[in-house]
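For ligands, and for the atoms within them, numbers begin at 1 and follow the listed sequence.
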Amino acid sequence: MCGIVGYIGEREAYPIILNGLKRLEYRGYDSAGVALYDGTHIQVSKTKGKVADLESRVASEISTQGKLGIGHTRWATHGVPNDINSHPHYSNSGDLVIIHNGIIENYASIKQELLNRGYTFTSDTDTEVLVNLIEEIKKQHNVKLGKAVQIALNQVVGAYAIALFDRNKPNEIVVAKLGSPLAIGMGDDEFFVASDATPFIEFTNNAIYLEDEEMAIISKRKGVKVRKIKDDSLVDPYIHELALNLEQIEKGGYDHFMLKEINEQPSVIKDTYRGRLLADRGIIKLGGLEDHIQKFLNADRIIIVACGTSWHAGLVAEYIFEDWARIPVEVEYASEFRYRNPVIGEKDVVIAISQSGETADTLAAIKLAKERGAFVYGVCNVVGSSISRETHSGTYTHAGPEIGVASTKAFTTQITVLTMIALRLANEKGTISKGDYMTHLRELEMIPSHVAEALKSEPNIKEIAHVFMDAANFLYLGRGYNFPVALEGALKLKEISYIHAEGYPAAEMKHGPIALIDEQMPVVVIAVNSNHYEKVVSNIEEIKARKGKIIAVVTEGDTVVRNLADYVMEVPRTPETLSPLVTTIPLQLLSYHIAVMLGKNVDQPRNLAKSVTVE
Ligand code: M6R
């Protein structure tokens with residue numbers, strides 16, 4: 001994780017870097033720093049804490065002048081978050097200064113060699129080792145910075161997106177990428193470097209996304225030269241035209257990005273199916289699927305790989321694919337899949353789900369599946385992300401930037417895409433009746449208005465949040481399609497409020513978790529209309545008998561559960577198959593309001609980062 005930013009051009013670099021770091025803070029926020037070249041010296045200011053802490057420190061510590069600079073916001077891997085371990089890091093001579101997102105796995109042996117040669121280290125980071133390795137190579141081989149970086153990177157094992165410059169050649173920034181993302185914004189005689197395009201969106205619409213094992217020398221005079229790290233050969237990079245705008249990456253009047261993103265769901269779900277779902281004509285058409293549909297239709301099974309919330313969306317998809325398309329599905333944590341020698345055949349289709357498209361474990365799982373001959377399909381949100389490029393084909397969710405660390409709109413738009421794929425395949429295979437198919441297309445089109453309706457319960461949910469904000473534990477229960485929603489509800493609560501919460505299939509409760517239930521235990525039960533409704537009602541009775549406090553998500557007009565539960569959160573009626581798209585809404589709002597009431601940093605919860613680009 002970590003966010004990196006750089007600028008070289010005719011403007012003052014500091015405001016651009018500072019603003020860029022604020023936009024990248026979702027990637028890590030335990031420390032931050034900048035290095036600026038003021039025409040004579042490199043000036044570094046860095047601190048444990050957030051970008052706002054850096055801003056106060058810079059004001060009293062360094063001059064902010066300079067038209068070349070780099071900046072970093074950190075999520076610690078090697079070395080605790082403190083001022084010294086914060087980036088940027090100098091080389092021993094003070095000539096080079098570097099920022100890094102990633103992990104150098106063989107840093108310990110390199111460090112030992114450098115120690116033997118007399119190098120000293122002030123921090124515990126792998127990054128300080130890397131910058132000194134580059135310095136040593138530069139000296140030993142008597143080469144320029146770019147060449148030294150290329151030689152050094154051929155010696156390191158791990159992942160990186162780096163940016164560095166040399167005070168003796170302050171007209172260029174050298175960048176390189178393997179595993180962590182790196183975009184270069186192409187202005188007129190000015191260039192930007194960043195982990196994603198948001199830091200430079202108001203300056204240019206043109207960007208190069210470096211591929212793995214590529215580096216670039218960015219110079220004011222000579223522009224951007226991209227090379228392969230392995231053999232130094234020149235690359236002709238593709239210049240992407242960006243479709244992002246500033247409004248999308250600002251809070252738009254909401255207190256938090258998370259709340260904005262929760263409220264965006266009616267419109268982004270529509271964006272997800274716009275032009276792809278033509279309910280009146282009975283058509284689902286997904287660009288990435290059309291050329292590969294036979295692969296899905298002939299598949300022995302579908303393996304879904306993902307992490308966190310995206311894994312929960314995968315679990316929902318398992319129900320839908322098996323139910324409608326009658327294709328066996330396995331849903332795997334990418335982090336387990338990649339290391340357990342899985343049996344994968346050429347007739348397996350692997351679906352990788354990821355909001356960021358940068359999750360290291362998911363990326364590694366994709367690579368493994370490809371090596372073993374599987375066809376890999378991506379469901380990603382971030383256009384041009386590593387996963388979208390690594391997969392054979394895929395569908396974008398079009399949810400727009402998701403900045404709150406807790407994933408909300410990514411979940412519902414992922415389910416929307418997966419639902420469309422499943423319906424398309426079921427129709428093609430004839431495993432769904434024409435009537436059911438048409439009904440579900442029309443119902444899917446109704447989901448945005450149902451979500452908008454569910455959002456109207458926010459005042460009621462806020463009151464419930466107030467009652468339970470001091471609870472030490474929560475249990476979330478659901479069955480069938482809503483079991484993954486229970487898991488997702490529990491994840492949302494624990495990650496932003498730090499309250500312990502567990503999600504369970506409601507029927508599993510009696511195999512253990514029921515022992516936890518007493519009058520102190522709030523139990524959130526998803527009890528909407530479904531094939532399992534009566535069974536869920538029985539589960540609620542079991543909780544009541546043990547004095548647990550029941551907060552139930554019910555279908556509007558429900559009376560049975562309403563009479564049993566202590567509190568209810570109503571959602572509009574949908575077919576059971578589509579219900580996760582609405583039942584998740586009150587759970588998102590409940591966790592949001594509890595976290596706000598507890599005074600937690602909702603958008604940047606402790607220890608987390610938005611995209612997990614390390615294993
Ligand atoms: O970007 P991805 O969808 O691959 O991210 C996967 C998880 O890291 C992510 O869903 C994480 O669990 C969220 N913080 C959950 O809200």
Side-chain angles (χ1 to χ4, degrees), residues 1 3 25-29 75 179-181 195-196 256-259 261-262 265 304-317 331-338 350-366 376 378-391 394-415 417-418 476 484-485 487-498 501 503 584-585 587-592 595 600-615:
M1 268 130 13
E25 220 174 1
Y26 72 87
R27 301 181 60 85
Y29 35 79
W75 185 85
S180 305
S195 300
D196 69 30
H256 298 97
F257 282 111
M258 182 180 177
L259 188 59
E261 287 154 10
I262 291 173
Q265 289 175 105
I304 297 178
V305 291
C307 303
T309 290
S310 297
W311 184 77
H312 296 155
L315 287 179
V316 174
V331 189
E332 302 262 4
Y333 282 119
S335 52
E336 288 297 313
F337 179 83
R338 63 180 290 197
V350 172
I351 300 181
I353 309 172
S354 174
Q355 186 288 128
S356 61
E358 301 295 345
T359 301
D361 286 322
T362 310
L363 205 47
I366 292 168
V376 187
V379 176
C380 287
N381 187 35
V382 177
V383 176
S385 56
S386 303
I387 291 178
S388 68
R389 283 180 283 137
E390 191 63 43
T391 42
T395 302
Y396 284 118
T397 49
H398 293 323
E402 190 183 66
I403 292 167
V405 164
S407 211
T408 52
K409 61 178 180 170
F411 181 64
T412 44
T413 53
Q414 287 163 347
I415 295 175
V417 165
L418 294 159
Y476 283 71
V485 176
L487 295 179
E488 174 60 9
L491 175 62
K492 284 293 86 87
L493 185 69
K494 58 190 151 193
E495 72 179 323
I496 59 170
S497 69
Y498 321 146
T584 196
I585 305 296
L587 305 191
Q588 294 171 348
L589 288 168
L590 182 67
S591 57
Y592 170 79
K600 305 296 182 210
N601 188 337
V602 170
D603 284 333
Q604 297 174 347
R606 70 181 180 205
N607 303 339
L608 284 170
K610 184 69 182 161
S611 53
V612 184
T613 57
V614 293
E615 339 178 4

Query raised in the report: Only one of H312, E402, Q355 clears side-chain hydrogen bond (donor to acceptor under 3.5 Å, both in side chains) with S407; which?
Result: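 By the side-chain hydrogen bond (donor to acceptor under 3.5 Å, both in side chains) criterion, S407 pairs with just one of H312, E402, Q355: E402.
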
Query raised in the report: Near ligand 1, which protein residues have a heavy atom under 4.0 Å away?
Result: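 The answer is C307, G308, T309, S310, S354, Q355, S356, T359, V405, A406, S407, L491, K492, E495, V612, counting any residue whose heavy atom sits under 4.0 Å from ligand 1.
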
Report task. State which residue, out of T397, V417, T413, fulfils the side chain to side chain contact (heavy atoms under 4.5 Å, CB included) condition with N381. Result ->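 Exactly one pass, corresponding to T397.
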
Query raised in the report: Who pairs with E261 by salt bridge (charged side-chain N to carboxylate O under 4.0 Å, His left out), at least two apart in sequence or on another chain?
Result: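 Result, salt bridge (charged side-chain N to carboxylate O under 4.0 Å, His left out) vs E261: none returned.
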
Requested in this report: Please tell me if the side chains of M258 and S591 come closer than 4.5 Å, counting only heavy atoms from C-beta onward.
Outcome: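 Answer yes - side chains close enough.
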
Query raised in the report: Which value, rounded to the nearest 0.5 Å, describes the distance between L418 atom CG and I353 atom CD1?
Result: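 L418 CG to I353 CD1: 4.5 Å, rounded to 0.5 Å.
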
Query raised in the report: With distance as the sole test, does K409 use its side chain to make a donor-acceptor pair with the main-chain N or O of A399 at under 3.5 Å?
Result: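 Yes, because the side chain of K409 sits within donor-acceptor range (under 3.5 Å) of the backbone of A399.
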
